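In this text the structure is predicted, and so the values were computed from the model without any measurement. Per chain, numbering begins at 1; letters A, B, ... match sequence-line order.
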Protein chains: 2
Amino acid sequence: MSWEERLNQAGWRVTMPRRVVLRVLQQARRPLSPQEIHARGRRIHPSLGLVSVYRALEVLEQAGLVRRVHREARCDGYILASPGHHHVLICRRCGRAVEFPGAEDLSGLIDQVERRTGFRVEDHLLQLIGLCAPCRGSGPA
Amino acid sequence: MSWEERLNQAGWRVTMPRRVVLRVLQQARRPLSPQEIHARGRRIHPSLGLVSVYRALEVLEQAGLVRRVHREARCDGYILASPGHHHVLICRRCGRAVEFPGAEDLSGLIDQVERRTGFRVEDHLLQLIGLCAPCRGSGPA
DNA sequence: TCTCTTACTGAAAAAATTTTTCAGTAATAT
DNA sequence: ATATTACTGAAAAATTTTTTCAGTAAGAGA
């Protein structure tokens with residue numbers, strides 16, 4: 001099924017901004033911000049508005065056609081740090097965040113990725129999202 | 001070593017905003033945005049400025065006393081998505097982002113976390129940061 | 001304890017990002 | 001072809017983050 005069909009099936013229309021955003025991302029070699037996508041998109045279709053880029057990204061992300069990357073810069077939300085490397089567990093219902101230790105657990109996966117991609121992995125960001133014990137019991141999922 | 005000593009050793013001063021931000025985060029039960037930290041901090045020390053909260057977070061994060069949490073909302077940077085769940089590998093030098101499949105790799109870790117914390121893990125965000133093959137060869141680390 | 005140095009501070013202003021509003025346009029079903 | 005309404009771009013509003021600057025206070029050294 002083409003992405004056009006996927007959009008249509010989900011009740012969305014196939015429009016110029018969505019087409020252009022997708023094409024820009026296909027040609028990109030690194031994650032792009034909305035501004036960057038807009039600038040590049042305008043070279044393809046000069047009337048493309050920045051607001052439409054925001055809106056297109058929202059729809060395309062919901063449709064699973066685009067993935068948001070979280071990078072060090074420009075994300076808020078802070079918790080207290082424990083010493084050493086920790087992963088973070090976040091409850092999607094109450095927002096509680098819990099740290100848990102462990103880097104070793106990933107070494108197998110990291111080895112595999114290094115072998116397959118040629119990357120040298122230096123650091124990682126792992127966040128697990130779910131429901132904490134109290135929230136599992138109370139109210140609607 | 002106390003956090004005050006850690007700051008001093010790293011050449012930073014122990015100041016009111018840093019003290020207040022840390023105290024607010026100690027009392028918080030979920031990740032807080034700079035704005036939220038500011039609002040709560042003012043209840044402890046009404047002259048606290050928002051700008052100082054930003055600056056304190058920056059320093060405390062560098063000192064390893066505070067950890068930034070990346071959440072779905074409010075992060076830019078997009079890449080094209082492949083179907084299904086993928087992790088993301090990002091080169092810190094050239095910015096290239098590569099997806100790689102795999103959720104099974106984490107099942108052991110997730111089981112362990114669920115047992116120890118009572119959370120039910122539904123989703124996760126894993127990003128590996130490192131150097132891609134071309135960047136490993138060229139220029140300064 | 002006093003004094004000096006300068007890393008810090010809050011407030012205001014500037015810059016940048018994101019959302020809302022609105023009148024008009026164009027994608028799709030019929 | 002036509003009708004419906006999901007979409008569009010631009011402007012304005014709201015929000016977030018950074019910069020600037022004159023003054024303050026942390027901490028080193030006497």
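- Leu126(B) and Leu89(A) end up in the same hydrophobic cluster when Ile, Leu, Val, Met, Phe, Trp and Tyr side chains are linked at under 4.5 Å.
- Rounded to the nearest 0.5 angstrom, Leu131(A) CG and Arg92(A) CZ are separated by 4.0 Å.
- Residue Cys91(B) holds its SG atom at 12.5 Å from CZ of Arg120(A), rounded to the nearest 0.5 Å.
- Between the His38(A) side chain and the Leu50(A) main chain, a donor and an acceptor come within less than 3.5 Å of each other.
- Between Asn8(B) atom CG and dA28(D) atom C1' the separation is 11 Å, expressed in whole Å.
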Let me have a per-nucleotide readout for nucleotides 2-8 of chain C, 5' to 3', with B, S or -, counting only protein heavy atoms under 4.0 Å.
----BBS

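- Atoms CG (Leu57(A)) and P (dT18(C)) sit 10 Å apart, rounded to a whole Å.
- Remark: Val51(B) engages Arg55(B) in a side chain to side chain contact (heavy atoms under 4.5 Å, CB included) (not counting sequence neighbours).
- Contacts classified as side-chain hydrogen bond (donor to acceptor under 3.5 Å, both in side chains) and involving residues 11-23 of chain A (residues at least two apart or in different chains) are not found.
- We find that OH of Tyr54(A) is positioned 11 Å from C1' of dT16(D), with the value rounded to whole Å.
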Under 3.5 Å, which donor-acceptor pairs do the side chains of residues 61-68 of chain A form with other protein atoms, sequence neighbours left out?
residue, atom, partner, partner atom, Å
Arg67(A), NE, Glu99(B), OE2, 2.5
Arg67(A), NH2, Ser82(B), O, 3.1
Arg67(A), NH2, Gly84(B), O, 3.2
Arg67(A), NH2, Glu99(B), OE2, 3.0
Arg68(A), NE, Glu72(B), O, 3.4
Arg68(A), NH1, Cys75(B), O, 2.2
Arg68(A), NH1, Tyr78(B), OH, 3.4
Arg68(A), NH2, Tyr78(B), OH, 3.1

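- Straight-line distance from the CD atom of Glu58(B) to the C1' atom of dT9(C): 15 Å, rounded to whole Å.
- Distance CG/Leu25(B) to CG/Leu60(B): 8.0 Å, rounded to 0.5 Å.
- If you measure from atom CD of Glu36(A) to atom P of dT18(C), you get 11 Å, rounded to the nearest angstrom.
- Rounding to whole angstrom units, CE of residue Met16(B) and P of dA25(D) are separated by 9 Å.
- Distance, His45(B) NE2 to dT24(D) C1': 12 Å, rounded to whole Å.
- Rounded to whole Å, the distance from CD on Glu61(B) to P on dT17(D) is 13 Å.
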What are the atom names and distances for every N/O pair under 3.5 Å that joins the protein to nucleotides 10-15 of chain D?
residue, atom, partner, partner atom, Å
dA10(D), OP2, Arg42(A), NH2, 3.3

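- Under the side chain to side chain donor-acceptor pair (under 3.5 Å) criterion, Arg30(B) pairs with Glu36(B), not counting sequence neighbours.
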